[in-house]
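Here is the naming used below: chain letters follow the sequence lines, and residue numbers restart at 1 for every chain. Computation of the quantities below employed the complete heavy-atom set of this structure, encompassing side-chain atoms and omitting hydrogens, waters and symmetry-equivalent molecules.
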Amino acid sequence: MEPKIKENRWNKDIEAEIKKFWLEKKLNDFDPKIDKPVFSIDTPPPYPSGKPWHIGATAHYSMIDTVARTGRMSGFNVLFPTGIDRNGLPVELYTEKKNNISMHKIPREEFVKLCAESLDDLEAYMIEIMQSFGWSGDMKKFRYRTDSPEYRKLTQETFIELWNKGLIYEDTRPNNYDIKTRTTIADAEIEYQDIQTKLVYLKFRIKETGRDIIIATTRPELIFSCAAVLYNPSDERYNKLGKKTVVTPIGDEVPLIAHPYAKVEFGSGVVMICSYGDYADVRIFRELKLKEKICIDENGRMNKNAGKYAGLNIKEAREEIIKEFKNENKVDKIEEIMHRTPMSERGKCPIEIIPMKEWYLKQMEFKDVLRKFANEIKFHPEDKRQILLDWIESVSMDWPITRRRFYGTEVPIWYCKKCNTPHVPKPGKYYQPWKDAATFKKCEKCGNEEFVGDSRTFDTWMDSSISALFISGYKRDEELFAKAFPVTIRPQAKEIIRTWLYYTMLRTYLLTGKNVFKHVWVSGHGVDEHGVKMSKSLGNVVDPVPVIEKYGGDAFRFWNMSEATLGSDFRYSEDKIQSAQKFLTKLWNISRFISMFPVKKTAKELQPADRWVLAELNKAVAKSAAGYGDFNFFVPANEMKQFSWNIFADHYLEMVKARAYNNDLSALYTLHYCLQSIIKMLAPISPFITEKVWLSLYSKESIHLEEFPKPNKKAGEELCKLTDLIIKTNSEIWKFKKEKGLALNSELKKVILPESLRDFSEDLKSMHRITTLEFGKELSIE
RNA sequence: GGGCUUGUGGCCUAGUGGUUAUGGCGUCCGCCUUACACGCGGGAGGUCCCCAGUUCGAAUCUGGGCAGGCCCACCA
C-alpha cells in the first residue's frame with residue numbers, strides 16, 4: 001500500500017510553502033464582518049531593542065500566537081494586531097549610538113527624524129523572526145507603531161479628555177539632574193560607582209537638654225535643606241529621649257523622629273533628612289509630609305538658601321563648610337569611606353535630585369476601584385494576580401506623566417508667554433507644540449496673544465497604557481469598539497504587571513469607567529541553561545535566528561510550549577529543541593503510516609481495541625481542552641505527546657496493524673479519527689506540520705479554520721481501566737522475547753492472557769505472533 | 001534590606017493527604033520487527049531541601065530554618 005505522505009521525515013522547509021498558503025487564503029487578516037464573537041488580543045508591541053532579539057522574547061511571542069490560534073479554534077473571530085513599540089528612551093539611546101551623535105547637541109527636528117528612521121531595520125528584523133515561527137497577527141489593517149501620528153494622536157486625545165475631567169494637575173517632582181549637561185536623566189541612565197568620599201560626623205544639639213547628638217553625612221552642604229533627624233525606634237541610645245527638637249550646626253530647628261529607615265549600625269545611628277540627597281530622602285519627605293527647602297540650583301550651584309555659600313558649586317561649598325565647621329568645633333570626626341554614588345552616564349558626574357514642575361495624573365483616589373477590577377479579571381495563572389494587588393497597595397503618590405525627553409508623544413499644552421497659563425487644544429489632531437504654532441488666538445486669562453509650546457514628552461507608559469483602547473477602535477471605529485471592547489485577553493510578561501497592566505487598567509477606567517480586560521495571561525521568561533536570566537550585560541543571550549533556521553518554527557514552538565508550565569520560567573536548551581523535533585518526526589510518521597489507508601468517516605460497530613483507544617483519546621482531548629481553556633499550552637503539548645507516542649503509537653498502532661492491512665472498517669475509522677483529533681489538538685502549538693498533514697489527507701481548507709474536537713461518543717470509557725494491564729502485558733511479552741534472544745516478530749507457541757483481556761485477544765494474537773492463545777488468572781508465556 | 005515566589009533521580013518536570021511518586025533529557029544493554037534508527041524494546045538511577053508539628057497516614061497541611069529566582073529599594 002502506498003502512503004499518501006511519501007517522505008519519512010518532517011522537513012522544516014515545508015513551512016515556507018505553508019506560509020504562502022496562509023497568505024493566499026488571507027488567514028491572518030481580521031475581518032470584522034465575520035459572524036462570530038470577537039476575541040480581541042492586546043498584543044504587547046515588541047520593542048526593537050537591538051540584535052540579537054532575545055530567544056526568550058521570541059518564545060514569549062510564539063506563545064502569544066498560540067493564544068490567538070486557541071481563540072480561533074475555539075470558535076471566535078480573532079482580532080490579533082501586530083504592533084511595534086517605538087517610543088522612548090531606548091530609541092533615543094540607540095539612535096545616538098548608531099549615528100554617533102548627542103541628543104542635546106543637534107537640532108530636535110533632526111534628532112527626531114533620525115529616531116524615526118533608526119528603528120526601521122530592527123523592526124523589519126523582528127517581523128521576519130515573528131513570521132519565521134508562524135506569527136498569525138494581522139499585518140495589514142491592524143498593524144501599528146506607537147510612534148505613528150495616528151497612535152500619538154490618541155495618546156494626546158485621551159490626555160486632553162483626562163485634562164478636561166480635571167484629573168491632571170501640576171506639582172513639583174524631584175528629577176535626576178545631570179548638572180554638567182544640564183538635563184534631567186532617566187533612571188536607566190544612572191550608573192552606580194564606588195567613589196571615595198568623606199563621611200563627616202557633625203555635632204547637632206538637642207534643644208531641650210543642650211546635649212550634643214552626632215550625625216554622620218557625606219553631604220554636609222545639604223545642611224541648609226535638613227528638615228528632620230531620624231533614629232531607629234529600636235536604638236537604645238536614643239529611644240528614651242522622647243519627642244525632642246534638634247538644633248542643626250547652622251541654627252535651624254528640626255524634629256527628632258523615630259523611623260525604621262535609620263540603621264542602628266551605620267554612622268552614629270542618626271541620619272539627617274534633606275531635600276534631596278537621594279531617593280530615600282524623597283520618600284521620607286513625602287511620608288512625613290516635610291516641607292522641602294532646596295539649596296542647589298539647576299546649574300549645580302548653591303542658591304540663596306545657602307546664605308553666604310550661595311554661588312559656590314557643590315564641591316567648593318562642601319569644602320568650605322567642612323572647614324568652617326571644623327573651626328567652630330562642630331565636627332566630631334571625619335572618616336574616608338567608599339560610597340556607592342549614583343552617577344550620570346552622560347556627564348560622568350554625580351546626579352543631583354532637583355525638584356521641577358511636572359504634570360501629574362491622579363491615581364491615589366482610584367485604588368479601591370482598581371483593586372476591585374483586579375479581582376474581577378481572570379488571571380492565567382491565577383497566582384499572578386497577587387503581583388498586581390501588591391502593586392496597587394504600594395502606590396503612594398500620583399503618576400508624574402511628563403518627561404524631559406525628545407522622542408515621545410508631545411505634551412499638547414501651550415503656555416501664555418505673559419502669565420504662563422496652560423492652554424490645551426481641542427482633541428482630534430496630533431500636536432507638536434515644540435514646533436507647531438499655538439491654536440489659540442488669545443490667552444483666556446490675560447488676553448495676551450503670544451504662546452510658548454511645552455517642549456516635553458509623555459512618560460512612554462502614557463502611550464503604552466492605551467494600546468488596548470487603540471486596538472479595539474476607541475474614538476476611531478465605534479462599530480468595532482462595541483464588539484472588541486472590553487478586550488478579551490492581555491498577554492504579557494510578569495515584570496511589567498506593575499507598569500503596563502496597571503497603567504492600562506487605570507487609564508481605561510478613567511476614560512471609560514470600565515474594566516479593560518476579561519483575561520490576563522502572564523508568562524515567565526526565558527533563562528539560560530543554568531537558570532540565569534538572559535541579559536546583554538551577562539553575555540548569555542541566545543540568538544533565536546540560527547535556532548529557528550536549524551530546527552524550524554514548529555520545533556521551536558513545540559519546545560517552548562512543552563518546556564514549562566504557564567507562568568514559570570523556561571530554560572533554553574538545544575537538546576530539548578532536538579527532542580521537540582523528534583516528536584514532530586514521530587507525529588509525521590504516525591501520519592505517514594495512517595495515510596496508507598483510505599479515510600472512513602463512519603463505522604457502525606467498533607472493535608473493543610478501537611473503543612479503548614478512543615476512550616484514551618477522549619481523556620487526552622479533555623485534559624488538553626482544559627489546558628487551552630486556561631491558555632496553558634504546556635498541558636496540551638505534553639498530554640497529546642504522551643497520548644500519541646506512548647499509547648497510540650506504541651500500543652494501539654501495533655495492535656491494530658493486522659486489521660488495518662485487512663481494511664477492517666472499524667480500524668480505518670478509528671485510525672483516521674484519532675489522527676484528525678491529534679493534529680487539531682496540536683494545531684495552535686505547531687501550526688505548520690499539522691496544517692501539512694491536514695491538507696495532505698483531509699481538506700483543501702486550512703486546519704486553522706477548524707474547531708477543537710468534541711468527545712467521541714463511540715468510545716468505551718469503561719475500557720480505560722484496562723490500559724495499565726494492556727501496557728504491562730505487551731511489555732512482559734516484549735521482555736520475554738528479549739530475554740530469550742528472540743526477535744520481536746518471532747512467533748510464540750502458547751500464551752495465557754489475563755481473562756480481562758479476552759476482548760482484545762485477536763489483536764494481541766496477531767501483534768505478538770501468538771500461535772495458541774488461552775486465558776487464565778495471569779499472564780504466562782511459552 | 002522589603003515584597004513576591006520556588007525547592008521532586010545527573011538535568012528538567014507532573015503530582016496538593018492514602019497502596020511499589022509521573023513523564024522527558026541524559027546514561028547503560030539489546031535490536032534495521034515492512035510508519036519512523038530523529039526509531040523500537042529492556043534496565044539502572046529518588047533521604048520528594050532540612051527540622052519540628054497536625055494526622056491512623058505528609059512530597060502534599062502548619063510553624064521554623066536553609067538555599068535559589070524575580071521585582072523594588074539601596075545605605076546616610
If you compare every side-chain N and O of [X] against the phosphate oxygens of [N] (OP1, OP2), does one of them come in below 4.0 Å?
X: A:Tyr572; N: B:C11; value: no
X: A:Trp391; N: B:G2; value: no
X: A:Lys657; N: B:A35; value: yes

Nearest-nucleotide pick for [X], side chain only, options being [options]:
X: A:Lys494; options: B:G41, B:A76, B:C70; result: B:C70
X: A:Lys586; options: B:C40, B:A14, B:G41; result: B:C40
X: A:Phe634; options: B:U13, B:C12, B:A76; result: B:U13
X: A:Lys735; options: B:G43, B:A35, B:C4; result: B:G43

Which is true for [X] with a 4.0 Å heavy-atom rule: it touches a base, it touches only sugar-phosphate, or it touches nothing?
X: A:Thr565; result: sugar-phosphate
X: A:Ile273; result: nothing
X: A:Asn638; result: nothing

(message) Are there over 12 heavy-atom neighbours, none belonging to A:Lys315, within less than 6.0 Å of that residue's NZ?
(response) no
(message) Would you say NZ of A:Lys198 has more than 12 non-hydrogen atoms from neighbouring residues, nucleotides or ligands within 6.0 angstrom?
(response) no
(request) Between A:Arg498 and A:Ala280, just flag the one whose closest nucleotide in RNA chain B comes earlier from the 5' side. (result) A:Arg498
(message) Below 30° counts as parallel, above 60° as perpendicular, anything between as tilted: where do the rings of A:Tyr276 and A:Phe285 land?
(response) perpendicular
(request) Over 60° means perpendicular and under 30° means parallel, so classify the ring planes of A:Phe597 and A:Phe593, tilted if in between. (result) perpendicular
(request) Could you check which nucleotide pairs with B:A67 in any of the strands shown, counting Watson-Crick or G-U wobble with both distances under 3.5 Å? (result) B:U6
